Structures are given as C-alpha cells and as structure tokens.
2 protein chains.
Amino acid sequence: MVDDVVRELGYLTLGSRFRRIGERLQSEVQQVLDELGLPVQSSQLPALAAVDRLGPLTVGELAEAVGITQPGATRLMTQLSESGLVDVRQSSEDQRRRLISLTDKGRQLVETSKRDVWPRIDTAVAEICADLTGPLLEQLTAIEHHLEATPLHRRIARQPHDQPSA
Amino acid sequence: MVDDVVRELGYLTLGSRFRRIGERLQSEVQQVLDELGLPVQSSQLPALAAVDRLGPLTVGELAEAVGITQPGATRLMTQLSESGLVDVRQSSEDQRRRLISLTDKGRQLVETSKRDVWPRIDTAVAEICADLTGPLLEQLTAIEHHLEATPLHRRIARQPHDQPSA
DNA sequence: CACAAATACATAACTAGTTATATAATGAGT
DNA sequence: ACTCATTATATAACTAGTTATGTATTTGTG
C-alpha cells in the first residue's frame, strides 16, 4: 500500500486534490448519464442549465455563468450546437455577439432531465457529502470568494520574509 | 452580472466546481513558482514529493501515491526525467518495472523547496481556508472514501424508483 | 516444459479545460 | 468623418489529466 502523498501534503497540493476529486465526480456522473441513456457529457450539464435558466446567452455570458474562460465557452457551445441541443445566432444589435438558446430538442432533454435525472444525481452526490462536518457548498463559495479577493501570490508577497517555521 | 450556475446547482455540478477550483489553485500556485524562479509545474509537486518521500518508486507506485492513472504517471515521470529532476532505471528484479528516483539536481530542488517555498505556499492556501466552518481536508478525505466505497451509479441504483420530490 | 493469464508500462487518442493570439465589430475622442 | 482603443469571439497551441490498446515480461497451471 502506497501513501497518498496528495492527501498527506494537505494545503500545498490542494489544487491537485480538488482536480482529482472533480474529475472523479465528473467521470462517475458521466457513467450514470450513459446508463440512463442521456446523450450528454457531464461537463455539459452546467452549460445546458445556464442556457435553460438565463438564455439566450452570449458566449461571454455562458463563460461567466459556468465559470470557465471564453475559449472554453466557445468550445462548449460548439459541442452543444453539433449535438443539436442549442441554436446559435448572431445578435442583431452587435454583430460580434452570438446568442445561444436551446433548440426544441435541447429544451425537451433539459425538461426530462430536470424531472427524472438531475434530482437523482443531486441526491446521490448529497448522500456522499451527508456526513461531512460542515457545509461543504458554503465553504466552496468562501474559498472562491477568497481567491477572487486576494490571489495567492499577493498573500505570499505579504508574508513576513523570515524563514518559515522549521 | 451573470449568475454562477455551477454554484447555484450545488451537488449536481459539484464535479465541475471542484475542477474549476482545482484548476484555479494549480494556476495560482504556478504563478507563485514562476515568480520564485522554480523550474517546475505545480502539477509536478505531488510527484516530486512522492519520489522524495517514498523513492525509488515504480510507475505504478507513483500513480498510486499521486492519485492519477498509470499513463498519467508515465507522462509525469517523462517530464521530470526530461527536466533532469529524476532518474529512471529498469528494475533488476523485474524488467517490466522502472524505478524512479531523484537526481542530485532533483534532490537539491526538493530540499530548497521544502525549506523556502512549500511552507509559504502551504501557509497562503491555509489562509484562504482559515475561516471555513468545517475541516476541509478531512471533508475531502471523507468524500474520497465514500466515492471509493460506493460509486455513484450504485447509489442511484438503490434509490427508490418513485419520482424524486418535485 | 509449454502455454495462458496476469502484470507493468508505453503509446494513441481523447476530454476538459487553459493561455496566447488573430480577426471583426463597436464605441469614444478629436 | 476618421482613427484608435476596446470588446466579442474564434482559433491555435498547450496543460493535465483520462480511457483504450499494444507490447514485453513474469507467474501460475497442467
């Protein structure tokens, strides 16, 4: 049995740890979507939900709603469009902008998912987090706010310059 | 201001949310390493620490120690070797296995990092998590254990088949 | 001793993002 | 009216992983 070095290093490797848990969760949600016959990638769920709730959206708004960069949002939009789930049109007010909305097919998929699938996934993931000693989702919100407020390198710049404790 | 749909969806999109926080943290640690002139990727830190602590390691052991798949560990090993930080030799006992150990250069980088850099990163990330209302690192350990114990699709399979609450 | 199964790793192809840069359109200032 | 700065998006190249598959070696069984 090999030690889990990422767990042991704690805060130093927190980024790697968050990523691996994120990938694991995305992969397991993907398996569930496949078993239930839903033709979407788990990474597309946030975008579908965003367009459903807030649509029509521009590419920039989609990026912001999902919390990814603009090229990432372009890529997601392209995938969903190729799957026939969203429609992309140029804005009549600003030709630079493109407006993303659900197609009939997309709307139907989202409606049936909201009724039959997403609550089951939500419940199963909530079950994993049920016995945690603290409100995980709020803590994640706090972490994201703190990162937004003061990036790491500024926190390090204001540390005292004596040697860290031995 | 666009709503943060990933935050609003909570458990359903927890995988995406973990990934984005993980990527954000890795990116910010990377910026710090660049500013301090350390010639490593933040994603390589866990592997360097693993080889330092447990070395020599096989590729499979490195994968396990860092919590990634075997091809991912091969890729990491190749990067570190190309940077001159680790040495890779074939095991004399089992020709299938390769043994990874720190080079002099790698050992030196790890020693100075342990003294001068890693504690500062650890402290800065700990500061971000200082006011959380729960023990984050323990919560992550619990989540990983629960995922290990019962994958999502089995949790969903055992849910009652009546409609989830409206 | 021979063969099949298992194991260890490398490689190809892919996912899910990122950063850097290019292009087109809009808006502000003179 | 023109020019330059800004904005919106697309594309290229990249990172940090994954899954699938292939090859080489070891182990177990008959």
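What you see is a predicted model; the values in this text were computed from it and never measured. Numbers restart at 1 for each chain; the letters A, B, ... are given by sequence-line order, proteins then strands. Hydrogens, waters and symmetry mates are skipped; everything else that's a heavy atom, side chains included, is used.
- No side-chain N or O of A:Gln108 forms a donor-acceptor pair with one of A:Asp104 less than 3.5 Å apart.
- Evaluation of the salt bridge (Lys or Arg N to Asp or Glu O under 4.0 Å) rule for A:Asp94 yields A:Arg96, A:Arg97 as partners, not counting sequence neighbours.
- The CZ atom of A:Arg19 sits 7 Å away from the C1' atom of D:dT15 (whole-angstrom rounding).
- Summarising the geometry, the separation between CD on A:Gln30 and P on C:dT15 is reported as 10 Å, rounded to the nearest angstrom.
- Residue A:Thr58 is classed as a sugar-phosphate contact, given heavy-atom separations below 4.0 Å to backbone atoms only.
- Evaluation of the salt bridge (Lys or Arg N to Asp or Glu O under 4.0 Å) test over residues 46-58 of chain A, restricted to residues two or more places apart or in two chains, returns A:Asp52-A:Lys114, A:Arg53-B:Glu8.
- Only A:Pro71, A:Thr74, A:Met77, listed by number, bring a heavy atom of residues 71-88 of chain A to less than 4.0 angstrom from any atom of DNA chain D.
- Taking atom CZ of residue A:Arg98 and atom P of nucleotide C:dT23, one finds them 17 Å apart after rounding to whole Å.
- Comparing B:Thr69 and B:Ser92, the nucleotide of DNA chain D nearest to each residue sits closer to the 5' end for B:Thr69.
- Checked by atom type, the side-chain pair A:Gln26/B:Ser16 shows a donor-acceptor distance below 3.5 Å.
- Phosphate proximity of D:dA24 to B:Gln95: absent, as no side-chain N or O sits under 4.0 Å from OP1 or OP2.
- No continuous path of hydrophobic side-chain contacts links B:Leu99 to B:Val59 [ILVMFWY only; heavy atoms under 4.5 Å].
- Atom CD in B:Glu28 sits about 11 Å away from atom P in C:dT19, given to the nearest Å.
- Residue contacts shown for A:Ser43 are limited to sugar-phosphate atoms, with no base heavy atom under 4.0 Å away.
- In this structure, A:Gln31 places its CD atom 16 Å from C1' of C:dT15, rounding to the nearest Å.
- The separation between B:Leu33 atom CG and D:dT15 atom C1' is 15 Å, rounded to whole Å.
- Using a 4.5 Å heavy-atom cutoff, the side chains of B:Leu137 and A:Leu14 are in contact.
- For B:Glu111, the CD atom is densely surrounded, since the number of other residues' heavy atoms within 6.0 Å is greater than 12.
- Here the P atom of nucleotide D:dA16 and the CD1 atom of A:Ile21 are 19 Å apart, to the nearest Å.
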Atom pairs under 3.5 Å: protein N/O with N/O of nucleotides 4-7 of chain D:
unit_1 : atom_1 : unit_2  : atom_2 : d
D:dT7  : O2     : A:Arg96 : NH1    : 2.5

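- At D:dT15, none of the side-chain N or O atoms of B:Gln26 fall inside 4.0 Å of OP1 or OP2 (strictly under the cut-off).
- As a whole-Å value, the separation of A:Gln41 CD from C:dA16 C1' is 10 Å.
- Positionally, the nearest nucleotide of DNA chain C for B:Val59 lies more toward the 5' end than for the other of B:Val59 and A:Ile68.
- Residues A:Arg20 and B:Glu144 meet the side-chain proximity criterion, which asks for heavy atoms closer than 4.5 Å.
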Validation: residues 61-73 of chain A side-chain donor-acceptor distances under 3.5 Å, sequence neighbours left out:
unit_1  : atom_1 : unit_2  : atom_2 : d
A:Glu61 : OE1    : A:Thr58 : N      : 2.9
A:Glu61 : OE1    : A:Thr58 : OG1    : 3.4
A:Gln70 : NE2    : A:Thr74 : OG1    : 3.3

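- Partners of A:Gln44 according to the side-chain contact (heavy atoms from CB on, under 4.5 Å) rule, which considers only residues two or more places apart in sequence or in another chain, are A:Val40, A:Gln41, A:Leu76, A:Gln79, A:Leu80.
- If you check every strand for non-hydrogen atoms under 4.0 Å, A:Gln70 touches a base.
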